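Order of listing sets the numbers, starting from 1, for every ligand and every atom in it. Since the model is a prediction, treat every value here as computed from it, not as a measurement.
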Amino acid sequence: MSEPFDAVDVIVAKRDGHRLTAPQIDWVVDAYTRGVVAEEQMSALAMAILLNGMDRGEIARWTAAMIASGERLDFSGLSRPTADKHSTGGVGDKITLPLAPLVASFGVAVPQLSGRGLGHTGGTLDKLESIPGWRAALTNDEMMSQLERVGAVICQAGSGLAPADRKLYALRDVTGTVEAIPLIATSIMSKKIAEGTGSLVLDVKVGSGAFMKDLDRARELARTMVELGTDAGVRTVALLTDMSVPLGLTAGNALEVRESVEVLAGGGPADVVELTVALAREMLDAAGRPDADPARALADGSAMDAWRAMIVAQGGDVDAELPVARETEVVVAERDGVLSTLDAYAVGVAAWRLGAGRARKEDPVQAGAGVQLHVRPGDRVRAGQPILTLHTDTPERFGRAHEALAGGIVVDDGGAGARGPLVIDRIAV
Ligand code: URA
């Protein structure tokens, strides 16, 4: 079959700063998915997009082309409204775990198609797999039936959703083109729109532990995604949230499940509760339940009931003991003073190196590995007082975890103080 365009012409157009036309975009995304546009050609195009950008029309068309590369799910047959949340990823970000059942406890369906961790950020599926028996892979029929019965599903995204993105994301990962805002926005939103949710709340992280280290870029990413969702008929809002410090007091799979259960039991760290409630309010509002009170559902046990039903529906033993790492080591304060820095990226890399994350997609993770925090930035500490506990099954990993933390923990005479606000801004159109 003869092709209507030549990949080199498309690359040259973007290299020279021109807009790509709708037919060019449709063709290049489809031809890449079919293997007609070669990896090296898409790699050059991705770099040209990173350097020269795309306008709103190009971004919307690229997203539509990625959606058209695969299947679309349809939740319109459900008796409940749907609301989903997506986080751009951070350290200790376990919010999906309490949030999905919390929102479901108000009669809203939460289809949470999630991923595994790669690099220093953890993956929701890895966390839930530390619960004995829990199953990440569901068929579309199983997912629909669980949404109708229980309301919340957290499962693996099937390979049928936006296959163009699967291929392109793997290529970007090895060509220095992950950070392009048009490519991040189209990657995330093509999957969310194809998934078919009626409303979407985006948690765009900013800070050392996030993809976006600076506020202006995070804001631009958030605005681009909100526009894309809105243009596609999905009620979309974004919260910009701080990721300079880990969320909560744990980073690591079973450690984070335990902390999430504390939140569902009405306790847990204040920042995890604050963000869970803030995101739940947005989801409930977008799903037409503006008067719902998520803080009350954490306190009165209804969110916990929905959690138990969600875990059991996917084969999990909700009462089983969670795995515990075989070895621990404590990091202590070297002097009296104030903990002025506890860097999210350093803690994320340490948890990853202890075995909580993976270096390659195929690697296994350790359920019990990770980092537990005993103090928060702004807290006064005494020399010798525990700051962190490191957990792993493989003690030869402690050395590299300590290296990751060097410079990430600072105790001084104070001044820098506690972190700024957790929710920095709200972006809606
Ligand atoms: N998550 C995605 O799904 N895609 C990106 O490009 C970045 C984060």
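- The side chain to side chain donor-acceptor pair (under 3.5 Å) analysis of residues 176-185, with sequence neighbours excluded, yields the pairs Thr175-Thr177.
- Ion pairing between a basic and an acidic side chain is recognised when a charged N comes within 4.0 Å of a carboxylate O; Glu195 and Lys192 show such pairing.
- Between Gln314 and Gln146, the closest side-chain pair of non-hydrogen atoms falls below 4.5 Å.
- Applying the side chain to side chain donor-acceptor pair (under 3.5 Å) test to residues at least two apart or on different chains, the pairs with a partner in residues 266-283 are Asp271-Arg376, Asp271-Arg419, Glu282-Arg426.
- Counting only heavy atoms from C-beta outward, the side chains of His374 and Ile387 never approach each other to under 4.5 Å.
- For ligand 1, the 4.0 Å heavy-atom shell takes in Tyr169, Arg172, Ile184, Ser187, Ile188, Lys191, Phe211, ordered by chain and residue number.
- Applying the side chain to side chain donor-acceptor pair (under 3.5 Å) rule to pairs touching residues 35-44 yields Tyr32-Glu39, sequence neighbours excluded.
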